[in-house]
There are 2 protein chains.
Amino acid sequence: MQMKVVNSLKEHGLKVTPQRVTILSAIEKKGHANIDEIYQEAKTTNPTMSLATVYKNITSLIETKLLKEVAINNQKSKYELSKKPHSHLICKKCGNLEDIDSHNLFTLNSDKLDFDIEEVELNIYGICNQCKKSN
Amino acid sequence: MQMKVVNSLKEHGLKVTPQRVTILSAIEKKGHANIDEIYQEAKTTNPTMSLATVYKNITSLIETKLLKEVAINNQKSKYELSKKPHSHLICKKCGNLEDIDSHNLFTLNSDKLDFDIEEVELNIYGICNQCKKSN
DNA sequence: GATATAATTAATAAAAATTATTATTTAGGA
DNA sequence: TCCTAAATAATAATTTTTATTAATTATATC
């Protein structure tokens with residue numbers, strides 16, 4: 001069992017089921033994955049896993065902040081383990097999504113926005129290096 | 001007929017149908033809207049409008065860059081008329097989405113990312129002023 | 001370690017969202 | 001005005017997501 005994942009579930013007050021461990025491990029392995037990718041990956045470990053279980057757990061894992069949704073134009077949402085704030089490079093050709101550390105990329109000029117910021121997400125769409133080379 | 005919308009369709013090489021004019025006008029009126037909101041608004045003008053027509057046109061309007069999708073965590077995608085680059089303030093309570101000019105909000109420190117940037121999208125989630133007051 | 005109980009799961013049905021099909025209508029050029 | 005390809009309405013089909021339910025299981029308490 002993945003100790004890291006097990007502890008994470010306990011810390012967030014969720015029961016440690018094999019299904020949850022499998023789902024989180026699948027996401028950790030892939031970095032980012034949509035529902036179908038998670039389901040496929042999870043089934044290699046746990047063939048009897050139900051798709052409905054994946055949906056239900058994704059929901060509760062997001063509610064408990066263990067997972068984060070990444071909504072993407074023209075694709076199904078992907079999910080990632082919660083980690084320190086970062087941004088994404090999203091390839092418009094192959095759809096690949098890659099984390100980037102945005103800490104030094106931008107400098108916030110602050111400002112009064114009359115809005116309580118809880119979360120800042122920067123999505124950068126373009127063509128990744130892989131795609132540039134392959135064509 | 002909305003001259004602006006009609007010209008926009010012509011410029012993008014799309015036939016000017018009443019349905020398209022209605023859809024674009026609905027989005028322009030609302031600023032941002034998801035499929036259902038567009039459909040509902042459009043039906044007030046054109047009651048025989050089919051939902052499938054809305055879906056089909058949203059697709060071709062995006063392909064021709066007349067519209068832009070805004071994928072949002074925990075909501076259905078919204079659509080907006082293409083306009084100059086900007087960012088969004090997204091309220092996690094009421095779901096409202098508001099444009100902000102991000103031109104002066106951040107300063108890009110450039111960098112070599114090995115990625116051809118086509119589009120940068122910054123989504124800021126939080127609680128809007130309205131919601132802060134109402135509770 | 002055994003047991004009680006509430007939560008979780010698999011299987012499935014139901015609902016919601018999106019896309020495909022097709023006959024008819026229409027926009028726009030000849 | 002007429003022709004033709006494109007667009008539309010209506011609907012079916014498909015895909016995606018959520019709800020239901022009976023059976024199973026994690027975990028707290030003894």
Side-chain angles (χ1 to χ4, degrees), chain A residues 1-3 5-26 33-40 42-64 66-67 69-79 95, chain B residues 1-3 5-26 33-40 42-64 66-67 69-79 95:
Chain A
M1 281 255 220
Q2 333 277 358
M3 227 20 171
V5 159
V6 170
N7 288 336
S8 192
L9 283 167
K10 284 180 180 166
E11 284 163 17
H12 289 79
L14 289 175
K15 282 191 179 177
V16 180
T17 67
Q19 289 82 354
R20 282 177 180 157
V21 172
T22 301
I23 288 169
L24 288 174
S25 300
N34 65 27
I35 286 281
D36 307 300
E37 293 164 341
I38 294 166
Y39 180 50
Q40 290 310 321
K43 274 204 298 189
T44 67
T45 304
N46 184 345
T48 68
M49 169 94 63
S50 165
L51 178 56
T53 298
V54 178
Y55 272 104
K56 253 173 85 47
N57 277 311
I58 293 294
T59 300
S60 44
L61 290 168
I62 287 174
E63 279 170 356
T64 54
L66 230 146
L67 280 189
E69 177 181 2
V70 187
I72 310 168
N73 291 353
N74 205 31
Q75 283 190 56
K76 290 177 81 171
S77 285
K78 295 190 174 181
Y79 304 92
Chain B
M1 281 252 221
Q2 333 277 359
M3 226 17 168
V5 159
V6 170
N7 288 336
S8 192
L9 284 167
K10 285 180 179 166
E11 284 163 16
H12 288 79
L14 290 175
K15 284 191 178 178
V16 180
T17 67
Q19 289 82 354
R20 283 178 179 156
V21 172
T22 300
I23 288 168
L24 288 173
S25 300
N34 64 28
I35 288 282
D36 307 299
E37 291 164 341
I38 294 166
Y39 180 49
Q40 290 309 321
K43 275 205 298 189
T44 66
T45 305
N46 184 345
T48 69
M49 170 92 64
S50 164
L51 178 55
T53 298
V54 178
Y55 272 104
K56 254 174 85 44
N57 278 310
I58 293 294
T59 300
S60 43
L61 291 167
I62 287 174
E63 279 169 357
T64 54
L66 229 147
L67 279 189
E69 176 181 2
V70 187
I72 310 167
N73 291 352
N74 205 30
Q75 283 190 55
K76 291 176 81 170
S77 285
K78 295 190 174 182
Y79 304 92

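We use all heavy atoms of the structure for the numbers below, so side chains are in, but hydrogens, waters and symmetry mates are not. Order of the sequence lines fixes the chain letters, A, B, ..., with proteins taken first and strands second; residue numbering starts at 1 for each chain.
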Which nucleotide sits closest to the side chain of [X]: [options]?
X       : options               : value
B/Thr48 : C/dT18, C/dT8, D/dA9  : D/dA9
A/Ala52 : D/dT18, D/dA9, C/dG28 : D/dT18
A/Ile35 : D/dT17, D/dT27, D/dA7 : D/dT17
B/Lys76 : D/dT8, C/dT18, D/dT17 : C/dT18
B/Thr17 : D/dA9, C/dA17, C/dA27 : C/dA27

Are [X] and [N] close enough that a side-chain N or O sits under 4.0 Å from OP1 or OP2?
X       : N      : answer
A/Ser50 : C/dA11 : no
B/Asn46 : D/dT8  : no
A/Lys15 : C/dT9  : no
B/Gln19 : C/dT26 : no

[X] [atom1] to [N] [atom2]: how many Å, rounded?
X       : N      : atom1 : atom2 : value
B/Lys56 : D/dA6  : NZ    : P     : 11 Å
B/Ile23 : D/dT8  : CD1   : P     : 7 Å
B/Arg20 : C/dG28 : CZ    : P     : 9 Å
B/Lys10 : D/dA6  : NZ    : C1'   : 17 Å
A/Leu51 : D/dT16 : CG    : P     : 10 Å
A/Leu61 : C/dA7  : CG    : P     : 17 Å
B/Ile62 : C/dT18 : CD1   : C1'   : 13 Å
B/Tyr55 : D/dA10 : OH    : C1'   : 16 Å

- Assign each of B/Asn57 and A/Leu14 to its nearest nucleotide of DNA chain D by heavy atoms, then name whichever residue's nucleotide is nearer the 5' end.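 So the residue in question is B/Asn57.
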- Message: Which residue is it: B/Val70, B/Leu61, B/Leu24, B/Ile35? I am looking for the one with a side chain to side chain contact (heavy atoms under 4.5 Å, CB included) to B/Tyr79.
- Response: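 Single side chain to side chain contact (heavy atoms under 4.5 Å, CB included) partner of B/Tyr79 among B/Val70, B/Leu61, B/Leu24, B/Ile35: B/Ile35.
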- For B/Lys10, look at atom NZ and say whether over 12 heavy atoms of other residues, nucleotides or ligands are found less than 6.0 Å away.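 No.
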- Item | Neighbour count above 12 (heavy atom, 6.0 Å) for A/Asp36 CG |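 Counting neighbours around CG of A/Asp36, more than 12 heavy atoms of other residues, nucleotides or ligands fall under 6.0 Å, so yes.
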- Item | Pair A/Thr48, A/Asn46: side-chain N/O donor-acceptor within cut-off below 3.5 Å |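 Distance-only check passes for A/Thr48 and A/Asn46.
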- Task: Could you pull out the closest heavy-atom pair between A/Ala42 and A/Ala26, with the gap in Å?
- Result: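 Answer, listing the atom of A/Ala42 first, then A/Ala26: N-CB, 4.3 Å.
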